[in-house]
Each structure stands twice: as structure tokens, then as C-alpha cells.
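One structure is given here, and the rest of the page talks about it.
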Amino acid sequence: MKKWMDVFTNYLEPVAAWLLAIIWISPLIYAFWAAFHPGAYAVNFSFSAPLTLDNFKEALSQAPFLRYAFNTLVLVTLILSCQLVLCTLAAYGFARFAFPGHKVVFALMLIQLMITPEILIVENYVTLSRFRLVDTITGIGLPYMASAFGIFLLRQAFKSTPRELEDAARLEGCGTMGVLWRVYVPLARPTYLAYALVSVSHHWNNFLWPLIITNSVETRPLTVGLGIFGAPESGVNWSIVSAATLLSVAPLLIAFLLFQRQFVQSFMYAGIK
Amino acid sequence: MYRSLYIMVFCTKKGPMQLPSKNHVHAWLLVMPAAILLIAFTHYPTVSTVIKSLFSKGTAIRPSRFTGLENYQQMFQDPIFWKVLTNNLWFALGTIPTSIALAIVMALLVNRSLPGRSLVRMAYFTPTILPMIAVANIWLFFYTPDIGFIDQIAVWMGFSGHNWLGDPATVLPAIMVMTVWKEAGFFMIFYLAAIQNIPPEFREAARLEGAGRWYYFRRIMFPLLMPTTLFVLINAVLNSFKLVDHLFVLTKGGPDNASNLLLYYIFETAFSYFETHYAAALTVVLLVLLAVLALGQFFILDKRVHYR
């Protein structure tokens, strides 16, 4: 009995792990298969199927994916840089200043962790149209720029920085902003990295709000472009949709494969804090 | 020159004593920019949604007027509202326990030594970083009747093909399978971190006492993973109400609302039928659900915090 259990754990568990891994990755493998083979081979698998890049050419000629990619790039850069500035300032305010009402204000900020902008699409659309920001990249990013999650993460990081370092910097003549820039920000680097990776992948993949707020090629991010492209009523064939899908996920997927450790650790770190 | 400018901006010499009131001004200035944006895009719209839900839809002839709970009355009589609410409930019940169980299994599988461990872990985690819309594009093909991947396997195994997304009975389960696939790997990393934090002495002690692996998992490991499970649970519940991207590609809520979820119905009501006041009432329901969850999290997590 005991021996059989050992056999089970030593041989069958790795097999099970690999089997599950193959099942898990198969949708992506399939997308690769369909994208790199002619349309006729999308549904029948044969080792003699010729490789081709035509599907990518076709996808690029049918929809401006390069423009969409550029929009996405501008969007995530804009969101991340604004988030970093706004969240750093606010987190510093909450971490090191006991101003009257700071607990209440902090609690009110944390509401955004639950009620994310996706839920308030209707009213936020009204607000943005009032400011004439509908169909602009700024408009897509604005509701996300002050991020309760970022404030929370950075506040934790700043709070765990030893007070003595701040005192030392103050003795050296640093003011409020000097202390932040020279002491707190450099020491919170791992938190910044984790937050940046989570933020970029979130906004690279975000769909619902950009779909609502954009209606032109000049502002549409990749996900929205892909959503329109891949809709069943548009009637394009599988191989081309697969190629377009791969084009849209490629930058993030490549970044993930290269920096796998950092990605996994960042998601973990951001979640556990 | 830049350096001196930098010193001028950031390190102006200050006296050793700082008045508290001046500190408070600094603090408010620091918090202000983020606070303004949060108020504009979280607090203000929350309040205005509630107010809007109490008013009627304005037309060219009849302006919008206060109607009290009329929108809510309409909502309670709307069969589609009940349909999407029950769908959302089934969706949550169908995806959350499964993906949590799978996440634990995955974490246990890659926690031991295994040939190609990092590859296996990568395979589990990859769906997490793909956009839901891209995932839906791929899975749409899987579910296509007759020529789709799943039907090809079914036919090969002697079953007949099936229109998975066209049949009201199978469309929601089909979407659940995809969601579990997408989320399990994400939850796995939290379990992996938690398992690695369990002191190895526990396992040693359990083995000395003659406890089997299943017993060890059930009585020692699983209780120790409770805070992780709660954290993951809350995330999963939130996601089940917030993530509707796949519906745009896969089903558009159909057939006959069999796969429609609350947020997608809000989107349809506001942006396809332009019933913004009714959409506001629906949003209030979603807000109440999330508030209940938030309070639940607050009280449950606070009690369990000593586990950490």
C-alpha cells in the first residue's frame, strides 16, 4: 500500500501536472497554429500544413492594428505616469502626516477598491462628455489615474521605511518634498515595480470602459479594435482572427515570457499587501 | 545647473521646528490631486447614480421628473433583471469554488520538485495576462458547432456535435469553463506563496505522528491557507460581477439572455436602449451588492487577521 502511494506521488503527480499544463496552454497553442497556417488548416490538423505569415498581413490590412497598438502604448504610459505621481503624493500624505481626518479620508479613498470605474460607466460617461473628453485617450485614462490600490500599496511601503532615515535627511536640509524624493521613493522601488507591472497589464487588457468612451481609430486601444474585429457578425475567418489576437497580445506576452519571475512576483506582492 | 535647481526645488533649507499647522497644509496639498480625481470619478458618480435612479427618463415633451421608486418597481417586474441576477449568482457559484479548488491543486502540483517546473507554472499562469477579449476570441472557435475544437473531439469520441453557445442550457456553463481557465492560474500564485510560508516543521511533525498526505492537507494545510482563501474568494466574487468583456465576443448575453450578466445588462440598457435612468437603478443594485461584500470582507477578514 505504502509503496503504491509512493509510486503515485513520484510518477503520477508529475504526469498530472504536465497534463494539466498542456490542457491549460492548448488554447494559446491553437491560436498559434491557426495564425501561422493557411485558413484551410484552421480546423484540420496535419503535420504537412505549410507555414505562412499571410494571416498577419491580412489582419493588418483589414484593421489598423499598428495604430491601435500605438494608442494602447500611449494610454498605458499616460495612466501609469499619472498614477505614479498622484499615488506617490497621496500615499506620502497618508503615511507620514497625521492631519485631522486622515483616517476618514483614507477610508473614503479605499471605496474605489470595491467600486471600480467599470461599475460607474453611465455616470462617468456623462461627466466626460461634459468636459468634452469623449473619444480621447485622456478620457479613457482619467477615471483610473487616481488609484486607491496604488495609494494603498505605496502607503504600506512608505510606512515600513524607518523614521530615522527621514530624520537624517531632514538634518541634511531636505524639506517635505526632498525627503519624499530622496528617501521614500528610492526605498519603495520593489513596490513601484510591482505596481507598474500590475497596472500596465491591467490597462493593456481593459476593454469595457475604452469601448464605451472611444469611437474612432485614432483613440481605440488594441482590445477594443480586436473586439470589433473579432465579432462573429464581421465574418472574418478564424486564421485571421487568430493572427489579430496574437498581434494584440504579443507585446505583453513577450514581456511576460522574458520577465516571468518579476510578473509572477509582482502580482503576488500586490495581492498579499 | 540642473543639480542646483534640483536642490533649490527639493531641498530648500528649513528650520528644525515645523509648525503642525503648516504640516497639515502640506499633507492636504499632497492628498488633494488624487482626492479630487477620486471624488470626480468614484464618489460623485456613486451619489449621482442613486439620485438619477429616482427620476424618470426625460423626453422632448416631458422633462425628467422625480418619480421616487418607480424605476425600482419597473425593475422588480422586469423578468430580464431577475434573469441576469440569477445568472450572475450561478456564474459566481459555478466559477469560484472550481477555480479555487483548481488553484490549490495547481499550487500543490508545482510546489514539489517536478521536471520542467517553471514551464508548468508558466502554462498555468499565462491565461492571467491575456486580455479577456482575446481569450474569448480563441474560445469562440473552441465552441463553434461541428468544426470547433471541442466538437471535433466529441465527434472523434463518438458523440454528436453540439451548439454550445447557441443552446440556453449550455451557454452559461461554457462561459464558466472559460472563466475558470482564465482565473485559476491567477489564484494559484497566492496559494503558492502561502504554501511556501508554511513552516516545514509542521509537515515533519505530521509525518512523525503517522498522518497521511490527505490528512495533513485537510487538517493542517487547508486551515493555514484560510486567509489566502478568503482573500481569493473576495477577489473572485468581485470579478464575477465586474468582468463581462467576454460576453461582447462570445454571446452578447444571448441566446434569449441565457448568458447575460448584470453589468452587461447595465451596459445594454444605457448604451443600446438609452434608458439611463433605468440603468442607474440597475447600477444601484450592483453597488449595494458590492457594499454588502465590502462589509462582509471587513468583518470576516478582521476576525481572521491573526492567522497572518
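Below, each value reflects all heavy atoms present in this structure, side chains not excepted, and no hydrogens, waters or symmetry copies. Bear in mind the structure is a predicted one, so any value in this text is a computation, not a measurement. Residue numbers start from 1 in every chain, and the chains themselves are labelled A, B, ... in the order their sequence lines are given, proteins ahead of strands.
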Non-hydrogen atoms of chain A under 4.5 Å away: do they reach the side chain of Tyr264(B), the backbone, both or neither?
-> neither
For Ala17(A), does its backbone N or O pair with a side-chain atom of Tyr124(B) as donor and acceptor, under 3.5 Å?
-> yes
Are Glu123(A) and Ser48(B) linked by a side-chain donor-acceptor pair shorter than 3.5 Å?
-> yes
Look at the rings of Trp24(A) and Trp181(B) and say which category their plane angle falls in: under 30° parallel, 30 to 60° tilted, over 60° perpendicular.
-> tilted
Contact leader toward chain A among Asn235(B), Val232(B), Leu37(B), Thr42(B), where contacts are heavy-atom pairs under 4.5 Å = Thr42(B)
Quick one: what part of Leu114(B) sits under 4.5 Å from any heavy atom of chain A, side chain, backbone, both or neither?
-> side chain
Can you list the steps and then say if Glu13(A) with Arg117(B) is a salt bridge (charged side-chain N to carboxylate O under 4.0 Å, His left out)?
-> CA-CA 12 Å; Glu13(A) 270 193 21; Arg117(B) 187 166 77 162; over 6 Å; no
Tell me, for Val224(A) versus chain B, whether the close heavy atoms (under 4.5 Å) come from the side chain, the backbone, both or neither.
-> neither
Answer whether the closest heavy-atom distance between the side chains of Ile115(A) and Leu287(B) falls below 4.5 Å.
-> yes
Of the backbone (N, CA, C, O) and the side chain (C-beta and beyond), which part of Pro33(B) lies under 4.5 Å from a heavy atom of chain A, both, or neither?
-> both
Where does Ala134(B) contact chain A at under 4.5 Å (heavy atoms): side chain, backbone, both or neither?
-> both
From Tyr92(A), Phe99(A), Phe97(A), residue fulfilling side-chain contact (heavy atoms from CB on, under 4.5 Å) relative to Val31(B) = Phe99(A)
Work out which heavy atom in Ala34(B) is nearest to a heavy atom in Ala146(A); give both atom names and the distance.
-> O-CB, 3.4 Å
Which portion of Ile212(A) sits near chain B, non-hydrogen atoms under 4.5 angstrom = side chain
What part of Ile39(B) gets closer than 4.5 Å to chain A, counting heavy atoms only: side chain, backbone, both or neither?
-> neither
With side chains defined as the heavy atoms from C-beta onward, is the minimum distance between Met122(B) and Leu257(A) less than 4.5 Å?
-> yes
Pick one of side chain, backbone, both or neither for Leu246(A), based on which atoms fall under 4.5 Å of a heavy atom in chain B.
-> neither
Part of Val85(A) lying under 4.5 Å from any heavy atom of chain B | neither
So do Phe41(B) and Leu128(A) actually touch side chain to side chain, heavy atoms under 4.5 Å?
-> yes
Leu211(A) and Phe267(B): CA distance, side-chain angles, deciding distance, side-chain contact (heavy atoms from CB on, under 4.5 Å) verdict = CA-CA 11 Å; Leu211(A) 173 78; Phe267(B) 166 83; 4.0 Å; yes
Do you know which of Ile151(A), Leu142(A), Ile111(A), Leu28(A) has the most heavy-atom pairs under 4.5 Å to chain B?
-> Leu142(A)
Best-contacting candidate, Cys82(A), Pro100(A), Ala169(A), against chain B by heavy atom pairs under 4.5 angstrom = Pro100(A)
Let me know if Val110(B) has heavy atoms under 4.5 Å from chain A in its side chain, its backbone, both or neither.
-> neither
Between Glu118(A), Gln260(A), Met145(A), which residue shows the highest count of heavy-atom pairs closer than 4.5 Å to chain B?
-> Gln260(A)
Part of Ala35(B) lying under 4.5 Å from any heavy atom of chain A | both
Ala40(B) and Asn124(A): which non-hydrogen atoms are nearest, and at how many Å?
-> O-OD1, 4.3 Å
Part of Leu110(A) within contact of chain B (heavy atom distance under 4.5 Å) = neither
pair Leu238(B)-Met114(A): side-chain heavy atoms closer than 4.5 Å = yes
Would you mind checking which part of Thr127(A) comes under 4.5 Å of any heavy atom in chain B, side chain (CB onward), backbone (N, CA, C, O), both or neither?
-> side chain
Does the side chain of Tyr44(B) come within less than 4.5 Å of Leu120(A)'s, by heavy atoms?
-> no
Going by heavy atoms in the side chains, are Thr88(A) and Leu30(B) under 4.5 Å from each other?
-> no
Could you tell me whether the side chain of Trp204(A) and the main chain of Pro131(B) form a donor-acceptor pair under 3.5 Å?
-> no
Where does Leu192(B) contact chain A at under 4.5 Å (heavy atoms): side chain, backbone, both or neither?
-> neither
Yes or no on ring-ring contact (aromatic ring centres under 6.0 Å, His included) for Tyr125(A) and Phe271(B), after CA distance, side-chain angles and deciding distance?
-> CA-CA 10 Å; Tyr125(A) 186 87; Phe271(B) 295 98; 5.4 Å; yes
Closest approach of Trp18(A) to Gly116(B) (non-hydrogen atoms, all atoms of both residues) | CZ2-O, 3.7 Å
Which residue out of Leu252(A), Ile119(A), Val249(A) racks up the most heavy-atom pairs below 4.5 Å with chain B?
-> Ile119(A)
Side chain to side chain, Val122(A) and Thr269(B), heavy atoms closer than 4.5 Å = no
Are the side chains of Met188(B) and Val264(A) in touch, meaning some heavy atoms are under 4.5 Å apart?
-> no
Candidate pair Phe229(A) and Ile133(B), rule side-chain contact (heavy atoms from CB on, under 4.5 Å), full reasoning = CA-CA 11 Å; Phe229(A) 188 76; Ile133(B) 205 84; over 6 Å; no
So which of Pro143(A), Gly93(A), Ala98(A) has the biggest tally of heavy-atom pairs under 4.5 Å with chain B?
-> Pro143(A)
Looking at Leu290(B), Leu130(B), Leu263(B), which one has more heavy-atom pairs under 4.5 Å with chain A than the rest?
-> Leu130(B)
Region of Leu286(B) in contact with chain A, defined by heavy-atom distances below 4.5 Å = side chain
Compute the ring centroids of Phe125(B) and Phe256(A), then answer whether they are less than 6.0 Å apart.
-> yes
